Amino acid sequence: NAGVTQTPKFQVLKTGQSMTLQCAQDMNHNSMYWYRQDPGMGLRLIYYSASEGTTDKGEVPNGYNVSRLNKREFSLRLESAAPSQTSVYFCASRPEGGEQFFGPGTRLTVL
Amino acid sequence: DAKTTQPPSMDCAEGRAANLPCNHSTISGNEYVYWYRQIHSQGPQYIIHGLKNNETNEMASLIITEDRKSSTLILPHATLRDTAVYYCIVRTGTYKYIFGTGTRLKVLA
């Protein structure tokens, strides 16, 4: 099992550019999550998906959209990147009644 | 949503118990307390969780006060590999996890 995988590992964007962060899990988990972590800070929930076909806003959803493409994949899209979105982005998945498993993160810089 | 408060940093001698406190005074009756840790800049790793009762697993023990307003994570015999940032988290509802800013634990040789 690969667990939770994220692509890309690193990305540099210019202000106004768009991009999609990809996340996939091979553990057959129902729920999936997107977090951001700013330097020296804890993780903040952007969006989550309780199951295939559903998504809900977390603490900091503004400027982001998500798609739960199927049970395995949960993508995060930045339509018009801003320097304030420079952060490390973590995806996680969770089985029913279990704990979250995190991916290795995507380090995004917006110039 | 309930928030957590943790000391920003702590040191612990190798082989000794590390006791990491967390305050969650606004926690509701059905909200769980979780602990995760993050080593370097990797994705966080689950340690333990509880609702009311004390819990123990192969990694750590979790002590929750009777009023549930605070808890303590205990690493019984800290090693250098336990150096990490430890997050106390309240799970609100079934899916929403609220992270605090964490405690940076340094285990000293």
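Order of the sequence lines sets the chain letters (A, B, ...), proteins ahead of strands, with each chain counted from 1. Quantities reported herein were computed from a predicted structural model and do not represent experimental measurements. Below, each value reflects all heavy atoms present in this structure, side chains not excepted, and no hydrogens, waters or symmetry copies.
- Chain B is approached within less than 4.5 Å, heavy atom to heavy atom, by A:S31 from residues 20-32 of chain A, ordered by number.
- Residue B:Y97 touches chain A through both its backbone and its side chain, counting heavy-atom pairs closer than 4.5 Å.
- Taking chain A as the reference chain and counting heavy-atom pairs below 4.5 Å, the highest number among B:G102, B:P44, B:S41, B:G43 is found for B:P44.
- When the salt bridge (Lys or Arg N to Asp or Glu O under 4.0 Å) test is applied to A:R44, the partners found at least two apart in sequence or on another chain are A:D38.
- With a 4.5 Å cut-off on side-chain heavy atoms, B:L20 and B:Q6 do not count as touching.
- Between B:F99 and B:Y36, the ring planes are tilted. Angles from 30° to 60° get that label.
- Sequence neighbours left out, the pairs with a member in residues 80-93 of chain B that pass salt bridge (Lys or Arg N to Asp or Glu O under 4.0 Å) are B:R37-B:D82.
- At least one side-chain heavy atom of B:R68 sits under 4.5 Å from a side-chain heavy atom of B:L51.
- Judged purely by distance below 3.5 Å, without hydrogens or angles, the side chains of A:T54 and A:R68 never pair a donor atom with an acceptor atom.
- Residues B:Y34 and B:Y87 fail the side-chain proximity criterion, which asks for heavy atoms closer than 4.5 Å.
- Here the side chain of A:W34 pairs no donor or acceptor atom with the backbone of A:G58 at under 3.5 angstrom.
- The shortest distance between side-chain heavy atoms of B:M59 and B:I48 does not fall below 4.5 Å.
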| task | Any chance you could lay out the side chain to side chain contact (heavy atoms under 4.5 Å, CB included) test for B:L73 and B:C22, step after step, and finish with the verdict? | result | CA-CA 8 Å; B:L73 178 74; B:C22 179; over 6 Å; no
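- Contact annotation for residues 88-111 of chain A against chain B (heavy-atom separation below 4.5 Å, listed by residue number): A:F90, A:R94, A:E96, A:G98, A:E99, A:Q100, A:F102, A:G103, A:P104, A:R107.
- A heavy-atom distance below 4.5 Å is found between the side chains of A:L43 and B:Q38.
- When heavy atoms are compared at a cutoff of 4.5 Å, A:L45 approaches chain B solely by way of its side chain, counted from C-beta outward.
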